[in-house]
Student: 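Right, I'll just put the structure down here and ask away after.
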Amino acid sequence: MAEIALEHLTKIYPDGTRAVTSLDLEIDDGELVVFVGPSGCGKTTALRMIAGLEEITEGTVRIGDEVVNDLPPMDRDIAMIFQNYALYPHMTAFDNMAFGLKLRKVPREQRRTLVGKAAQLLGLPDVLGKKPRTLSGGQRQRVAMGRAIVREPQAFLMDEPLSNLDAKLRVEMRAEIARLQRDLSVTTIFVTHDQVEAMTLGDRVVVLRDGLLQQFDRPQQLYDRPANLFVAEFIGSPSMNLVEAGLERRNGSMVASFGEHRLTLDGHTFEQRPDLSSYDGRRVILGIRPEDLEDASFDPSSASRIAASVDIREDMGSEVFVHFAIGAPPVRQADVAAAVGEEAIEATAEQARRRGSVFVARIDRESRAGEGEPIQLAVDTRRLHFFDAESGRGIYGS
Ligand code: ATP
C-alpha cells in the first residue's frame with residue numbers, strides 16, 4: 001500500500017495531441033480516487049502513465065517513496081483491471097487468478113492459499129474450475145478482480161472495469177468494489193466517464209477536461225461547491241439549470257433577476273459566498289439544481305417562487321421531471337458546451353432561439369402539474385449557485 005503523487009504530469013502524443021497537461025495530485029495511502037470526465041479528457045492516458053504503459057512526456061509519478069518514471073510496469077507493484085477483463089480463455093478461473101503469481105515464481109502452496117482467499121472474498125469458490133467463456137459477465141469481472149487482489153499490490157488501477165456489464169450488475173459490482181477496497185485498504189484509482197459511478201465510489205474525485213484538472217475534491221464538495229461551470233454541469237443528473245442573471249441590492253437584500261423572475265437571496269448564501277457582495281450591480285451565471293425546485297403546492301411556506309408553464313412532464317415513478325421555459329437567454333459559455341457536448345448545445349440553442357432557455361425541476365410525484373398548464377415552483381434559495389460570467393468560476397471566497 002502506498003500513496004501516489006503526480007507532479008506536473010504531462011502527455012503529448014507524437015502527433016502533437018496534448019492529452020494531459022501538468023497534472024498535480026496527491027492520493028493518500030488507502031484512498032479510492034476516481035478520475036472522471038467526458039470522452040477524450042485524458043483519464044486513460046493519465047492512468048496508463050501511472051501504470052507505466054505510456055511514456056511520460058514531462059513530470060513525475062511517485063508511488064510510495066519512489067519515483068517510478070523509469071520503472072517498467074512489472075516493477076511498479078500495481079495491478080491493472082481493464083474493462084475487457086483480459087482473461088486467458090484457455091485457462092480456468094483458478095489458473096487465471098494464479099497466473100501472475102506463477103510468473104513471479106510464488107510457490108504452488110502459497111498460490112493456492114492466496115487464490116483461495118481472494119475467491120472467498122469475491123464469492124467465487126464454486127467457479128474456480130470453470131473457463132471464462134462459461135462464466136457470467138459478473139463472474140468474469142470478479143475473476144479479473146481476483147487476479148489483481150492475489151498479487152497484493154501497492155495500488156489498483158482500474159479503467160472503466162464495469163462498462164461491459166448491464167445496468168443492474170454494474171450497480172452490484174460497484175458496491176462490491178467499494179466494499180473490497182475498504183476491506184483491503186489498497187490505494188485505488190478508478191477511471192470512468194460516469195459521474196454517478198464517480199460520486200458513489202470515490203473518496204475523492206478528479207474531474208478532468210481536455211487534459212486539465214478542473215477540481216479534486218470529495219463528492220459532496222463537487223456537488224455543493226463546484227469550482228466552475230464545467231464541474232457544475234458535469235456533476236448531477238439532470239444537470240444544473242443555468243441562466244445569466246443580474247444581481248442588485250434592493251431594500252437591503254440582494255436580488256437575482258432573470259427574464260421576468262426575481263429571487264431574493266438568503267443571508268446564508270452570503271455566509272457561504274462572501275465574494276458575492278462584490279457582484280452587486282453585475283451580471284453572474286445563476287445555477288439552480290433541478291432538485292432545489294419543487295411544485296409550490298408541496299412547499300406552501302416558500303416565499304421564493306418561479307411562475308412558469310409546464311412544457312414537458314416526465315413521470316419517473318419516484319419523482320416527476322418538469323421542463324419549463326424561463327424566458328431568458330441561455331448561457332453561452334465554452335465550459336457548459338464542453339460538459340454537455342456540442343450536439344446538446346446545438347439542440348438547446350435552437351430551442352432557446354425559439355423560446356428562451358429551458359429549466360428542469362425534479363418535483364414530488366404527487367404533483368398534478370400537467371403539460372401546457374401553469375405551475376409555481378418553489379426555489380430553495382439557500383442552495384443557489386453563482387459563477388463569474390466571464391471566467392465561469394464559482395463565486396465563493398473564504
Ligand atoms: P475515453 O473515455 O473515451 O476513453 P479518455 O478520457 O480516457 O477518453 P484518453 O484516451 O486518455 O481519454 O485520450 C485523451 C486524448 O488523447 C484524446 O484526444 C485522444 O484522442 C488522444 N489520444 C489517445 N491515445 C492517443 C495516441 N496513441 N495518439 C494520439 N492521440 C491519442
Side-chain angles (χ1 to χ4, degrees), residues 4 6-25 27 32-61 68-69 72-73 76 78-86 141 144 155-167 170 173-174 177 188-202 204-217 219 222 226-231 233-237 239 334-345:
I4 298 177
L6 313 182
E7 262 178 45
H8 308 307
L9 190 66
T10 299
K11 176 70 186 184
I12 304 170
Y13 281 108
D15 67 357
T17 306
R18 235 175 201 285
V20 177
T21 302
S22 204
L23 182 58
D24 287 315
L25 283 183
I27 297 169
L32 198 173
V33 166
V34 178
F35 287 5
V36 73
S39 182
C41 71
K43 310 178 288 286
T44 297
T45 303
L47 195 76
R48 288 173 57 84
M49 283 193 283
I50 299 167
L53 300 171
E54 200 67 69
E55 206 177 307
I56 294 169
T57 310
E58 252 172 61
T60 55
V61 174
V68 298
N69 283 40
R76 293 193 184 193
I78 44 162
M80 285 281 286
I81 299 168
F82 301 95
Q83 64 173 272
N84 61 9
Y85 323 134
Q141 183 58 55
F156 290 133
L157 305 182
M158 307 189 185
D159 193 356
E160 304 250 7
L162 306 180
S163 58
N164 282 346
L165 306 177
D166 65 43
R170 259 182 104 116
M173 284 305 294
R174 189 168 82 204
I177 287 180
T188 301
I189 303 179
F190 185 105
V191 163
T192 179
H193 61 272
D194 179 343
Q195 56 101 14
V196 176
E197 222 159 79
M199 295 293 277
T200 49
L201 260 182
R204 285 190 293 172
V205 176
V206 171
V207 183
L208 288 169
R209 171 194 168 197
D210 293 341
L212 288 167
L213 177 66
Q214 304 293 301
Q215 192 166 359
F216 179 32
D217 239 323
L222 292 180
N228 57 33
L229 283 168
F230 178 82
V231 179
E233 271 274 343
F234 194 75
I235 302 293
S237 179
S239 288
D335 278 356
V336 176
V340 300
E342 286 300 327
E343 278 167 36
I345 273 286

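All ligand and atom numbering here is 1-based and tracks the order in the structure. Along the sequence shown, residues carry numbers from 1. Atom set for the values below is all heavy atoms of this structure, side chains included, hydrogens, waters and symmetry mates excluded.
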Student: Which pairs of nitrogen or oxygen atoms, taken one from ligand 1 and one from the protein, are under 3.5 angstrom apart?
Tutor:
unit_1: ligand 1; atom_1: 2 (O); unit_2: Lys43; atom_2: NZ; d: 2.9
unit_1: ligand 1; atom_1: 3 (O); unit_2: Ser39; atom_2: OG; d: 2.6
unit_1: ligand 1; atom_1: 6 (O); unit_2: Gly40; atom_2: N; d: 3.4
unit_1: ligand 1; atom_1: 6 (O); unit_2: Cys41; atom_2: N; d: 3.0
unit_1: ligand 1; atom_1: 6 (O); unit_2: Gly42; atom_2: N; d: 3.0
unit_1: ligand 1; atom_1: 6 (O); unit_2: Lys43; atom_2: N; d: 3.1
unit_1: ligand 1; atom_1: 6 (O); unit_2: Lys43; atom_2: NZ; d: 3.0
unit_1: ligand 1; atom_1: 7 (O); unit_2: Thr44; atom_2: N; d: 2.9
unit_1: ligand 1; atom_1: 7 (O); unit_2: Thr44; atom_2: OG1; d: 2.7
unit_1: ligand 1; atom_1: 8 (O); unit_2: Gly40; atom_2: N; d: 2.8
unit_1: ligand 1; atom_1: 11 (O); unit_2: Thr45; atom_2: N; d: 2.9
unit_1: ligand 1; atom_1: 11 (O); unit_2: Thr45; atom_2: OG1; d: 2.5
unit_1: ligand 1; atom_1: 12 (O); unit_2: Gly42; atom_2: N; d: 3.3
unit_1: ligand 1; atom_1: 24 (N); unit_2: Tyr13; atom_2: OH; d: 3.4

Student: Please report the interatomic distance CG(Leu157) to CD1(Ile78), rounded to the nearest 0.5 Å.
Tutor: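 The distance works out to 4.5 Å.
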
Student: Is there a side chain to side chain donor-acceptor pair (under 3.5 Å) between Glu160 and His193? Walk through the geometry before answering.
Tutor: CA-CA 8 Å; Glu160 304 250 7; His193 61 272; 2.9 Å; yes

Student: Enter the distance from Leu6:CG to Ile50:CD1 here, rounded to the nearest 0.5 Å.
Tutor: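 Rounded to the nearest 0.5 Å, the CG-CD1 separation comes out at 4.5 Å.
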
Student: Can any side-chain N or O of Asp210 pair as donor or acceptor with the backbone N or O of Leu212 at less than 3.5 Å?
Tutor: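 No.
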
Student: Just jot down the side chain to side chain donor-acceptor pair (under 3.5 Å) partners of Thr200, sequence neighbours excluded, or say none.
Tutor: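 Side chain to side chain donor-acceptor pair (under 3.5 Å) check on Thr200 returns Arg174.
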
Student: Looking at Lys11 and Glu55, would you say the former's side chain and the latter's main chain have a donor-acceptor pair under 3.5 Å?
Tutor: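 Checked: pair present.
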
